[in-house]
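Heads up, the thing below is written out as structure tokens.
In this chain, residues are counted from 1 in sequence order. Just so you know, ligand 1 is whichever comes first in the structure, and atom 1 is the first atom listed for that ligand. Below, all heavy atoms of this structure are taken into account, side chains as well, without hydrogens, waters or symmetry copies.
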Amino acid sequence: MRTPIIAGNWKMNNTINYAVDFVKEIKDELEKTHVKVILCCPFTFLERLKDEVDGSKIKLAAQNMHWEDAGAYTGEISAPMLKEHGVEYVIVGHSERRQYFNETDETVNKKVIKALKSQITPIICVGETLEEREEEKTYNIVSKQILKALEGVDRNMVENIVIAYEPIWAIGTGKTASPEEANAVIAFIRDTIKKEYGLGISESIPIQYGGSVNPSNITDIMNQKDIDGALVGGASLKAGDFLQIINF
Ligand code: PGA
């Protein structure tokens, strides 16, 4: 059985004080939850939040990472630096990074390899644009993104990833894929992994849905057979909403 994972992606929002209050507000409410809870924070919050989440159910994630350990890469953050701050997960290949910061399937692949070798779990984001969906290319796009992201990854490490299927047209737009549509693409992603890596690995990888998830649609989404959690942007910014999503 895969444990559901609810991850909040704060993107470039909030302040350290807000984040500390947020964690204080939710952490005691999570003692009995059966889901894994992850906060994907701006880098500058991590050091302070590391102490705040200590001993709670909340795990910390970064929203990006470089593929080298160190070097002349102005403005970048490496895996060893994230580990110093207690980071256990990192989002790789979010569509906003692909769109605005030249993230490509190749750089995603390098980051996935580095994260896995550094014992940081990559949350690999895949998803199609509206145009690609309308041209019925969704399945081609997501399978290419996944297989490329995993190229050269040691077979025995593949099960240590998380995948987030996020149709780009559903991110921050208030439009969600219907739960059935999302489930169909996620089932296809699992099947793609099964063909490449076998049933055991494909069954062990959590695959989340992301794109305008909120307290009122989370139950329908989580009722789908293949959906193992959610990557939540806007609705993760308020503690009350995020808690409702966790307690779907
Ligand atoms: P959203 O963002 O929930 O605001 O649509 C999701 C994401 O970008 O991960």
Looking at Glu166, which atoms of ligand 1 are within less than 4.0 Å of one of its heavy atoms? 6 (C), 7 (C), 8 (O), 9 (O)
Ring centroid separation Trp10 to Tyr18 under 6.0 Å: no
Check ligand 1 against Gly211 and write out every atom of the ligand that is under 4.0 Å from a heavy-atom position of the residue. 5 (O)
For Ser212, the atoms of ligand 1 under 4.0 Å from one of its heavy atoms are 1 (P), 3 (O), 5 (O)
Applying side-chain contact (heavy atoms from CB on, under 4.5 Å) to Leu82 and Phe43, what does each step give before you reach the verdict? CA-CA 8 Å; Leu82 293 179; Phe43 295 130; 3.8 Å; yes
Atoms of ligand 1 less than 4.0 Å from His94 heavy atoms? 7 (C), 8 (O), 9 (O)
Taking distance alone, with no angle check, do Thr173 and ligand 1 share an N/O pair under 3.5 Å? no
Short version for Ile171: what comes under 4.0 Å of ligand 1, heavy atoms counted, is both
Starting from atom 3 (O) of ligand 1, which protein heavy atom do you reach first, and at what distance in Å? Gly233 N, 2.8 Å
Numbering the atoms of ligand 1 from 1, which are under 4.0 Å from a heavy atom of Gly172? 1 (P), 4 (O), 5 (O)
When Ile221, Val35, Ile6, Asn217 are each screened for side chain to side chain contact (heavy atoms under 4.5 Å, CB included) with Ile245, the one that passes is Ile6
Would you please determine whether Ala170 falls within less than 4.0 Å of ligand 1 on a heavy-atom basis? yes
Would one find an N or O of Gly234, backbone or side chain, under 3.5 Å from an N or O of ligand 1? yes
Side chains of Glu128 and Tyr165: do they bring a donor and an acceptor to under 3.5 Å? yes
Should the heavy atoms of other residues, nucleotides or ligands under 6.0 Å from NZ of Lys117 be counted, would the total exceed 12? no
Exercise: do Gln99 and Ser95 side chains pair donor with acceptor under 3.5 Å: no
For Tyr197 versus Val158, what's the shortest heavy-atom pair and its separation? CE2-CG2, 3.7 Å
